[in-house]
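Given the structure is predicted, the values throughout are model-derived calculations rather than measurements.
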Amino acid sequence: MTIGRVTQSMLTDRSLSRLQGSLSRLSELQEHLSTGRVLNRPSDNPADAASAMRLRSAVGAQQQYARNAEDGMGWLDTLDSTLGTAGDLVRRAREVGQQAVSGAASQDTREALAVEIEQLRSSLVGTANTTYLDRPVLGGTTAGTAAFAEAGGVVTYAGDANPVNRAVAEGVVVDVAVAGPGAFGPDGDNTFDHLTALAAAIRGGSTTAIQSGLDALEVDGSRLVVARTDVGARSSRVEQAGIRAGDTELSLTNALSEIENTDLPLATVELKMQEVAYQAALAATSRVLQPSLLDFLR
């Protein structure tokens, strides 16, 4: 069996190489502790780095879904409040009309009731033009600032029928708006026209015309209730989607943490062990490399 010749140069090179490896491992552990991450570059672990990138992409998608759901809830909450207020105004208008039917005989009384109907109509126009983030909630995707415009005493729809969609989950898109005609009826036969007609009927004192106006407002009130119920159902759907997006984001973030983050107690122990090993290697190497030429000549 041949035994290779061991020289002082060989001992020095091998000792330095092993010391360098030990120092590299020590530096790696210090980096893990200082950054709190075991993945600081793709070369640290290519397989885990690829998984981390996929998880980060999934986390970003869930965060966007959560933001979309939050924005959608803002639209729907504003819509719910708007339709609720509109329903109250229509209900009050019917109460005023009922007073006219039940025997308000004097012209002054009828005039006062008609003026109140007109005031309710003005309030309803303002309510119908409620905005969220400077966009009319009943105007669809219109670039204008109002869903309804009034000209010559006639209120017409100024928006469009396009949906205001929000993606709240993968493959799940919810329309968070209601087009104005869906809440107040089509132009020429909408709630505002009915209130105008009711005010004129009260001034004229025609019980038949007043009753006809009240019947029209009853239909308007029912339409508002249906629209508000639909908004409530969509609000529940968007809210649940937002909760799911938050839960999924948390789960994915935990999975990402398992891949990327440093186990601090374990890394601390390993660092201390590596420091001890490095110091021991330094001490042993210093003893091995201690002899000099003068030591051999003695």
Side-chain angles (χ1 to χ4, degrees), residues 21 23-81 131-144 159-179 230-274:
L23 186 60
S24 177
R25 175 58 179 162
L26 184 61
S27 174
E28 181 182 343
L29 289 170
Q30 287 175 332
E31 182 182 42
H32 291 173
L33 283 172
S34 62
T35 62
R37 294 160 54 94
V38 295
L39 280 179
N40 292 288
R41 58 191 65 84
S43 59
D44 290 338
N45 190 323
D48 284 350
S51 297
M53 286 189 288
R54 286 194 295 269
L55 285 171
R56 284 190 179 280
S57 177
V59 168
Q62 294 304 320
Q63 289 174 340
Q64 186 60 59
Y65 290 144
R67 287 192 292 269
N68 290 349
E70 183 179 2
D71 180 68
M73 285 303 301
W75 274 84
L76 292 168
D77 287 345
T78 304
L79 266 175
D80 180 72
S81 176
T131 60
Y132 176 72
L133 299 179
D134 297 326
R135 292 181 59 188
V137 293
L138 292 166
T141 58
T142 178
D160 57 47
N162 297 328
V164 180
N165 291 329
R166 293 292 180 270
V168 295
E170 186 175 357
V172 179
V173 177
V174 179
D175 182 7
V176 297
V178 172
D230 179 53
V231 166
R234 281 184 275 169
S235 294
S236 178
R237 186 181 181 190
V238 171
E239 183 179 11
Q240 291 300 317
I243 293 173
R244 285 194 300 273
D247 292 343
T248 303
E249 178 191 349
L250 179 60
S251 176
L252 292 171
T253 301
N254 289 337
L256 182 63
S257 176
E258 290 292 328
I259 294 176
E260 287 189 333
N261 292 353
T262 302
D263 184 343
L264 294 179
L266 178 61
T268 302
V269 172
E270 288 183 346
L271 178 64
K272 181 57 65 176
M273 292 175 61
Q274 191 62 38

Can Asp230 and Arg234 be counted as an ion pair, charged N to O under 4.0 angstrom? yes

Using a 4.5 Å cut-off on heavy atoms from C-beta on, say whether the side chain of Val137 contacts that of Leu76. no

Evaluate Leu138 against Leu79 for side chain to side chain contact (heavy atoms under 4.5 Å, CB included), listing each step before the verdict. CA-CA 8 Å; Leu138 292 166; Leu79 266 175; 3.7 Å; yes

Closest heavy-atom contact between Val238 and Ala69? CG1-O, 3.4 Å

Is there a donor-acceptor pair under 3.5 Å between the side chain of Asp160 and the backbone N or O of Thr142? yes

Rounded distance (nearest 0.5 Å) linking atom CZ of Arg135 with atom OG1 of Thr78: 12.0 Å

Closest contact, heavy atoms only, Ala58 versus Leu252: CB-CD1, 3.6 Å

Counting heavy atoms not belonging to Glu70, are there more than 12 under 6.0 Å from its CD? no

Between Ser57 (side chain) and Met53 (backbone), is there a donor-acceptor pair under 3.5 Å? no

Just by distance, with hydrogens left out, do Glu258 and Asn254 show a side-chain donor and acceptor under 3.5 Å apart? no

Is it true that a side-chain atom of Asp175 and a backbone atom of Asn165 form a donor plus acceptor pair closer than 3.5 Å? no

Work out which heavy atom in Val164 is nearest to a heavy atom in Ala177; give both atom names and the distance. CG2-CB, 3.5 Å

Nearest-0.5 Å distance that lies between atom CG in Asp247 and atom CD in Glu249: 10.0 Å

Would you give the length of the straight line joining atom OG1 of Thr253 to atom CZ of Arg56, rounded to the nearest 0.5 angstrom? 9.0 Å

Taking all non-hydrogen atoms of both residues, which atom of Ala245 and which atom of Tyr65 are closest, and how far apart? CB-CB, 4.1 Å

Could you report the tightest heavy-atom contact between Pro136 and Trp75, atom names first, then the distance? O-CZ3, 3.9 Å

Interatomic distance, Gln240 atom CD to Ser235 atom OG [nearest 0.5 angstrom]: 11.5 Å

